[in-house]
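Quick notes on the structure that follows.
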Amino acid sequence: MARSVVHRHVRTGRWVITWFLALGVAGVPGTIRAAVRVQVEYGERLDGGWAFPSLVPPSRSDLGRDAVLTLERGHLHAGAAPLAALTDGVVGNCGDDPAQAVFFDQTWLNVGRWMMDLGRVQPIRQLNSYSFHTWVVDEGGRTPQVYTVTGSADGRTWTTIAVVDGRPNASGAGWGNRPQGVQISDDAGGELGRFRYLAWDVQRTRSPLTARKQTAGADWSHTFFMELDVHNADTLAALAPARLHTAFPNLEEVIITWKCHLDIGYTHTVPEGVHKYRTADMDQVLALFEQTRGAPEAERFRWMLPAWALEVVLDEQQAPDRRAKLEQAVRDGRLLWHALPYTFEAEASDLEELVRDLSYGSRLARRFGQPLPTEAKQTDMPEQAWALPTLLAHAGVTFLHIGANSGSKPPSELGKIPRICWWEGPDGSRVLLGMSDEYGWDSVVPPPGWPHRSWLAFFVRGDNQGPPSTQEVARVLAHARQALPGVRVRFGRPSDFADAIRDAERTNPLLPVIRGDMPDTWVHGQMSCPEPTRIHRHATGQLITLGQLDTTLRAYGVDTDPVAGLLDEGYRQGGFYAEHTWGLNGAFFRGPALYRPD
């Protein structure tokens, strides 16, 4: 005989389901005993752990801590935690934490079963189980718990303790994205029975929303279990709450930087691209600044541009009212630039051109009375010439981030350079190098095993895509708060991250040092254009000669026409020859038909 009651918790508004089942006394089938109470509640993740309206929280001091778990039927997903994670007194930080979640493989389509051996017969007063899954598509459809739990004193005669179904409705809506707890107890406050062995026969949730992802022979609706607790009267009286899983014990701060990849002439003609950056993109950026103006300082959106691009959007062709707003955003520290003008292919450039490339950022610093930027960004290009760390270090740049095009070479090759290291130039000078096999480090959560106090969430949007939406920014911040409790998360500069890493390295040097060239094995635009490349190389030599001649003549008192402006313009235009974009995105300009046979 069973009845169920569904009610909404008065304070929290969460639904609570309670089942009452008439069951036999343990080991004596058919004997009627007091009703078993099964409560199912949704809770919340707090900084210290999980909390529920009326259930006890997950525990690290229950009888299960010393028990032995075995998998009796089914096989776990390769990315799942081992069974021991169910009794380790640790729960997940978020709803997609494979390091702490135990779940069956999607190819296991039958009832799974695990068994717990408590070592000896114990008086059991209460059983608790906890789960958590987050996914936008199915609204956390792997959170509800669906299982039957049985107990035995000798391993031969088994008694059904409870049948649990934590699915709140038939639609799949609102099934997860927050922790779920199940509490099984005697309705009269007594014992559930005396058992040595407990077994859970686990079923899939079969969420209708998860069904969108199903394929033949696979089902992604197995529950993400995170803790199983077994209590007697003593463990309930002295309950020690489980702690949150901490993947990054040293992490104190996450710096968020947002930019997009500047690809001059790839997705738009150059005039169209410049117009987009100067108008529509800046209007979106200003709107984001305004929408987050009232937010705490740490959550006020910031946008970074390469130095050349920022000069362009602030030039005399900009509308005066828009330029005034952008200039104020620069003064407020919300519109940022880094030291380099754009992404270049260093091997195709002349050293003097590379040095003069830094003048864009220098002019902006003088214009706004701000310090020179100490970070530099290169995107798309997987390699740069060995001269670069020496050049940057002597210009005061301390951090270079290279975000490679993921299709530029095999992952095994991209992975040869550490994610973060020192890149030492030929003269022994160094810059901190951040390396990624994507455009940026597009996650607020560091990679597994990240040992440092600081992490840079470097969101680099695609080619000339412009700023993110307000909703995307809000989602990132919400995910950070959920996934990294107790960690300070704020908008800032890549140099803020680099300064923290460099400070730690002074007292405890851990980072590897790479010494050598990174010859370009991907972009060959210049070499496919031998005649223009010849002109460019001859021109750079002639510019150097002109500068040397002018300096020599002036040293001897010879009055000459000024050449500084001519040299500046020559190096400025010549520098664009090494800019990394060689070719148009034909599909963008003419559509997919461009690549179909006639």
Side-chain angles (χ1 to χ4, degrees), residues 99 246-255 257 338-340 343-347 354 373-406 408-460 487 492-522:
T246 304
F248 314 105
N250 300 324
L251 188 64
E252 298 176 0
E253 185 175 58
V254 172
I255 308 296
T257 299
H338 64 82
L340 295 177
T343 294
F344 47 65
E345 187 179 11
E347 289 181 317
L354 291 175
T374 60
E375 65 270 276
K377 180 74 174 85
Q378 293 285 276
T379 308
D380 215 11
M381 288 293 303
E383 297 112 347
Q384 294 290 349
W386 196 12
L388 197 56
T390 292
L391 185 153
L392 293 177
H394 286 282
V397 175
T398 59
F399 177 55
L400 168 65
H401 188 280
I402 296 178
N405 184 305
S406 59
S408 62
K409 55 172 59 181
S412 59
E413 289 295 313
L414 287 171
K416 288 182 177 179
I417 300 174
R419 180 176 280 107
I420 186 165
C421 61
W422 294 106
W423 190 12
E424 185 175 290
D427 66 342
S429 55
R430 295 178 176 179
V431 293
L432 188 66
L433 174 66
M435 193 72 189
S436 173
D437 58 3
E438 300 286 349
Y439 278 4
W441 286 334
D442 289 1
S443 174
V444 290
V445 178
W450 184 255
H452 306 286
R453 293 187 295 109
S454 183
W455 167 247
L456 174 64
F458 209 163
F459 291 93
V460 182
V487 175
R493 306 186 65 107
S495 56
D496 297 338
F497 159 78
D499 289 346
I501 298 294
R502 293 170 66 244
D503 287 346
E505 282 286 292
R506 291 188 183 97
T507 56
N508 186 26
L510 297 174
L511 297 182
V513 179
I514 60 172
R515 302 176 178 89
D517 206 356
M518 288 193 282
D520 176 26
T521 59
W522 185 46

First locate atom CG of D499, then atom CG of D503, and finally report the distance between them rounded to the nearest 0.5 Å.
-> 6.5 Å

Can you tell me if E253 and W455 form a side-chain donor-acceptor pair at under 3.5 Å?
-> no

Min side-chain heavy-atom separation Q378-L340 under 4.5 Å | yes

Minimal non-hydrogen separation, W423 against G516, with atom names = NE1-O, 3.1 Å

Which pair of heavy atoms, one from A457 and one from V254, lies closest together, and at what distance?
-> CB-CG1, 4.0 Å

Going from CD1 on I420 to OG on S436, what distance comes out if it is rounded to the nearest 0.5 angstrom?
-> 12.0 Å

Out of curiosity, T374 OG1 to L432 CG, how far, rounded to the nearest 0.5 Å?
-> 10.5 Å

Do any N or O atoms from the side chain of E345 and from the backbone of M381 form a donor-acceptor pair under 3.5 angstrom?
-> no

pair F459-T257: side-chain heavy atoms closer than 4.5 Å | no

In this structure, CD1 of I255 is separated from OG of S495 (nearest 0.5 Å) by 9.0 Å

E252 (side chain) donor-acceptor with R453 (main chain) under 3.5 angstrom | no

Please report the C-alpha distance between W422 and L433 in whole Å, then the side-chain angles of each, then the deciding distance to 0.1 Å, and finally whether the side-chain contact (heavy atoms from CB on, under 4.5 Å) criterion is met.
-> CA-CA 6 Å; W422 294 106; L433 174 66; over 6 Å; no

Under 3.5 Å: donor-acceptor pair, side chain of D496, backbone of R493 = yes

Compare all side-chain heavy atoms of P418 with those of I514 and state whether any distance is below 4.5 angstrom.
-> yes

Answer whether the closest heavy-atom distance between the side chains of L511 and I501 falls below 4.5 Å.
-> yes

Is a donor on one side and an acceptor on the other found under 3.5 Å between the side chain of Q384 and the backbone of F344?
-> yes

Does a side-chain heavy-atom distance below 4.5 Å link R430 with V513?
-> yes

Is the backbone N or O of V460 less than 3.5 Å from a side-chain atom of D442, with the two atoms forming a donor-acceptor pair by type?
-> yes

Check: F497 ring centre within less than 6.0 Å of F399 ring centre = yes

Would D427 and T390 count as having a side-chain donor-acceptor pair, cut-off 3.5 Å?
-> yes

Under 3.5 Å, is there a donor-acceptor pair between the side chain of N250 and the main chain of H452?
-> no

Give the minimum heavy-atom separation between C421 and I417, together with the two atoms involved.
-> SG-CG2, 4.4 Å

Hey, are the side chains of T398 and E375 touching, using non-hydrogen atoms and a 4.5 Å cut-off?
-> no

Would you check if Y439 and D380 make a side-chain contact, meaning some heavy-atom pair closer than 4.5 Å?
-> yes

What pair of heavy atoms forms the shortest contact from A376 to L392, and how long is it?
-> CB-CD1, 4.4 Å

Quick one: are P426 and W386 in side-chain contact, heavy atoms under 4.5 Å?
-> yes

Counting only N and O atoms by type, is there a donor-acceptor contact under 3.5 Å from the side chain of S429 to the main-chain atoms of A393?
-> no

Quick check: does any side chain N or O of W450 sit under 3.5 Å from a backbone N or O of L251, one acting as donor and the other as acceptor?
-> no

d(I402 CD1, K377 NZ) to nearest 0.5 Å is 8.5 Å

